[in-house]
There are 2 protein chains.
Amino acid sequence: MTKQSETRDLVLDLVERLDVGEAIPSERQLSADLGVSRLTVRAALDDLAREGYLVRRRGAGTFVSEPKIAQELTMTSFTDDMRSRGLRPASETLELRVSPAGARLGRLLRVSPSEPVLIASRLRLADGESMAIETVHIRASRVPGLTARDLEQHSFYELLDERYGIEIVGGEQTIEPTVTDEDESEALGVPLHSPAFRFERLTHSQAGEIVEFVESIYRGDRYRLVTALNRPRERQRARNARAISHDGYH
Amino acid sequence: MTKQSETRDLVLDLVERLDVGEAIPSERQLSADLGVSRLTVRAALDDLAREGYLVRRRGAGTFVSEPKIAQELTMTSFTDDMRSRGLRPASETLELRVSPAGARLGRLLRVSPSEPVLIASRLRLADGESMAIETVHIRASRVPGLTARDLEQHSFYELLDERYGIEIVGGEQTIEPTVTDEDESEALGVPLHSPAFRFERLTHSQAGEIVEFVESIYRGDRYRLVTALNRPRERQRARNARAISHDGYH
DNA sequence: GACGACAAGTGGTATTGACCACCGGGGGAC
DNA sequence: GTCCCCCGGTGGTCAATACCACTTGTCGTC
């Protein structure tokens with residue numbers, strides 16, 4: 001839409017056609033070729049550099065960087081996550097029921113404890129083998145007519161978006177280590193008390209409303225998190241800046 | 001140093017003195033007050049917005065946002081990590097020895113298998129109670145004269161930087177769930193086979209050299225990861241862009 | 001042939017000026 | 001008194017320009 005995002009996409013196409021380490025045209029060159037200001041080019045390149053596609057070297061040029069590893073955890077669905085790991089995703093519904101939220105779930109979803117909540121538990125498969133158990137909790141009135149068949153044939157987030165007009169834009173996730181209990185072990189086909197991840201995810205829509213609470217158990221022997229680490233930014237501020245200033249910001 | 005970073009820090013000071021939801025001065029106002037161009041102000045605010053300190057509302061203003069939760073994993077030391085969680089960090093050296101790297105460690109650190117490597121195992125405490133076991137592996141010639149006392153009195157990363165002139169700028173970390181073995185259970189004071197995180201971290205310096213390999217076992221009952229989730233960016237590019245273009249990027 | 005100074009080109013920073021879409025409140029119409 | 005419109009101010013985008021610090025390759029000197 002904007003020139004900046006157009007530039008970004010054009011450069012991204014270019015990047016994908018070049019090898020790692022190759023230089024892309026200079027900012028001034030791109031600016032002239034694409035008919036946009038250098039500022040616009042820089043903003044686009046800033047974006048791509050921040051996302052790890054490009055590395056800049058002052059005085060030398062801008063180069064295609066090595067394929068990044070996931071820098072931050074994003075709001076990816078199981079389906080997309082597995083595909084990006086080169087695995088074929090599938091799903092089996094273990095349970096699909098509606099029941100009152102109760103105290104804990106009501107608090108998490110910000111609904112009354114008596115509010116009917118849909119609870120859908122699915123076994124997640126990767127390349128035909130069990131990978132995780134995922135249990136979605138969502139206010140039942142948000143997803144009228146949802147069936148087990150729907151869940152097995154579509155990505156839940158796509159369903160929410162396309163059928164129910166709910167677009168998820170963010171969330172918060174806690175991760176802790178655990179071991180599988182009897183039920184989980186049986187469903188996943190692993191020994192009792194196998195190491196596993198427990199994810200708890202609370203997602204919200206554009207309007208800031210809580211949409212769903214998801215609890216997942218991932219097999220520790222098949223799933224690991226890999227992240228890039230960056231050095232945190234330092235403040236670099238004067239130690240006594242606050243003591244000196246007392247009215248405003250100067 | 002640069003006006004942009006000065007502006008950033010000044011606004012950050014201001015942000016910390018305001019309440020959540022309050023508006024900061026407009027970009028044009030800040031620009032006039034600080035004597036810098038609006039673009040410079042914008043770049044600084046972009047930074048702070050990206051880091052979660054500010055939220056912008058077009059047509060309305062820029063506001064102090066709710067305290068962010070960690071959006072991405074950063075290269076923080078145990079010391080800083082605990083402090084940010086409001087806990088008092090401490091450390092006990094369990095083992096400090098030098099031995100040949102061997103095949104696996106040599107490959108990880110990119111040194112010869114016969115190269116002497118310093119292996120330092122420390123029990124990490126938070127508020128006086130065990131939190132983790134951290135084992136650092138580093139080429140011995142990088143840190144001549146390092147003692148157990150050093151490790152207990154200083155942050156290892158500070159030592160590397162200040163005494164040995166090695167600055168760590170990034171790394172890669174894998175996280176998996178596990179259970180504690182006999183030794184770990186005894187050192188941590190938890191029951192055998194308690195759930196725990198295993199972190200494996202490989203860090204590198206500015207020059208891109210591998211600096212150290214760190215293996216950590218964190219108590220699952222005391223430590224959890226909390227992250228914000230963002231919706232991944234979409235490409236928004238024409239499906240057949242590559243098919244059409246064949247010479248360059250237009 | 002080896003070394004070093006120089007120049008061209010690169011990314012990094014900053015300024016000024018302009019227009020747009022959007023939000024919100026105040027003032028007018030009713 | 002209530003409603004609605006409009007308009008000032010806000011962030012979002014973009015252009016043209018300038019100077020700096022740095023890299024790198026070349027050309028000259030020795």
Side-chain angles (χ1 to χ4, degrees), chain A residues 1-12 14-15 18 21-65 169 206-208 231 233-234 236 248-250, chain B residues 1-12 14-15 18 21-65 169 206-208 233-234 236 249-250:
Chain A
M1 196 61 163
T2 65
K3 292 194 179 183
Q4 184 176 318
S5 71
E6 282 173 14
T7 303
R8 176 183 184 276
D9 289 349
L10 279 166
V11 173
L12 196 45
L14 176 61
V15 163
L18 295 176
E22 279 193 84
I24 68 170
S26 75
E27 297 177 356
R28 290 169 179 83
Q29 188 67 44
L30 283 168
S31 165
D33 290 353
L34 302 178
V36 299
S37 77
R38 190 178 157 213
L39 193 77
T40 305
V41 171
R42 275 191 66 78
L45 297 190
D46 279 345
D47 240 37
L48 294 175
R50 200 175 311 116
E51 291 171 36
Y53 292 104
L54 298 174
V55 286
R56 288 175 145 146
R57 284 199 282 135
R58 165 188 283 188
T62 303
F63 305 84
V64 177
S65 68
V169 298
Q206 183 76 56
R231 196 175 48 170
R233 294 198 60 147
E234 3 192 341
Q236 280 179 343
Y249 40 83
H250 61 274
Chain B
M1 196 63 162
T2 64
K3 292 193 179 183
Q4 183 176 319
S5 71
E6 283 173 15
T7 303
R8 176 182 184 278
D9 290 349
L10 278 166
V11 173
L12 196 45
L14 176 60
V15 163
L18 295 176
E22 279 192 82
I24 67 169
S26 74
E27 298 178 357
R28 289 169 179 83
Q29 190 66 44
L30 283 168
S31 166
D33 290 351
L34 303 178
V36 299
S37 76
R38 189 179 156 213
L39 269 191
T40 304
V41 171
R42 275 191 66 79
L45 298 190
D46 279 345
D47 241 37
L48 293 175
R50 196 166 26 244
E51 292 172 35
Y53 292 104
L54 298 174
V55 287
R56 289 177 148 145
R57 285 200 279 137
R58 166 188 284 188
T62 303
F63 305 83
V64 178
S65 68
V169 300
Q206 183 75 57
R233 292 196 62 143
E234 14 190 333
Q236 281 180 342
Y249 39 83
H250 61 273

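We name chains A, B, ... by the order of the sequence lines, and we start the count at 1 in each one.
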Rounded to the Å, how far apart are [X] [atom1] and [N] [atom2]?
X	N	atom1	atom2	result
B:L45	D:dG11	CG	P	8 Å
A:E27	C:dA8	CD	P	20 Å
A:R42	D:dA15	CZ	P	15 Å
B:F63	D:dG11	CZ	P	8 Å
B:D47	C:dG12	CG	C1'	14 Å
A:I24	C:dG9	CD1	P	18 Å
B:R56	C:dC23	CZ	C1'	16 Å
A:L30	C:dT10	CG	C1'	12 Å

Which nucleotide sits closest to the side chain of [X]: [options]?
X	options	answer
B:R38	D:dG11, D:dC14, C:dG11	D:dG11
A:R58	D:dT23, D:dA15, D:dC22	D:dC22
B:T2	C:dT13, C:dT10, D:dA15	C:dT13
B:R28	C:dA14, D:dG12, D:dC14	D:dG12
B:Q4	D:dC14, C:dA14, C:dT13	C:dA14

Problem set entry | Nearest-nucleotide 5' precedence on DNA chain D, A:A60 against A:V36 |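 Its nearest nucleotide being more 5', the pick is A:V36.
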Seminar exercise, completed: Nearest-nucleotide check on DNA chain D, A:R57 vs A:G35; residue mapping nearer the 5' end is A:G35
For this session: Report yes if some heavy atom in the side chain of A:L45 is under 4.5 Å from a heavy atom in the side chain of A:I24; otherwise report no.
Result: yes
Exercise. Do the non-hydrogen side-chain atoms of B:L48 and B:T62 ever get within less than 4.5 Å of each other?
Worked result: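 B:L48 vs B:T62: side chains apart.
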Exercise. Quick check: does any side chain N or O of A:S31 sit under 3.5 Å from a backbone N or O of A:E27, one acting as donor and the other as acceptor?
Worked result: no
For this session: Output yes when at least one side-chain N/O atom of A:S26 is less than 4.0 Å from OP1 or OP2 of C:dG9, else no.
Result: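 No, no such contact exists.
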Exercise. Between A:T62 and C:dT10, is there a side-chain N or O to OP1/OP2 distance below 4.0 Å?
Worked result: no
Exercise. Within the structure shown, what part of the strands sits under 4.0 Å from B:L39 by heavy-atom distance: base, sugar-phosphate, or nothing?
Worked result: base
Exercise. A:E6 and A:M1: which non-hydrogen atoms are nearest, and at how many Å?
Worked result: OE2-O, 3.5 Å
Problem set entry | Worked check of side-chain contact (heavy atoms from CB on, under 4.5 Å) between B:D46 and B:R56 | CA-CA 9 Å; B:D46 279 345; B:R56 289 177 148 145; 2.4 Å; yes
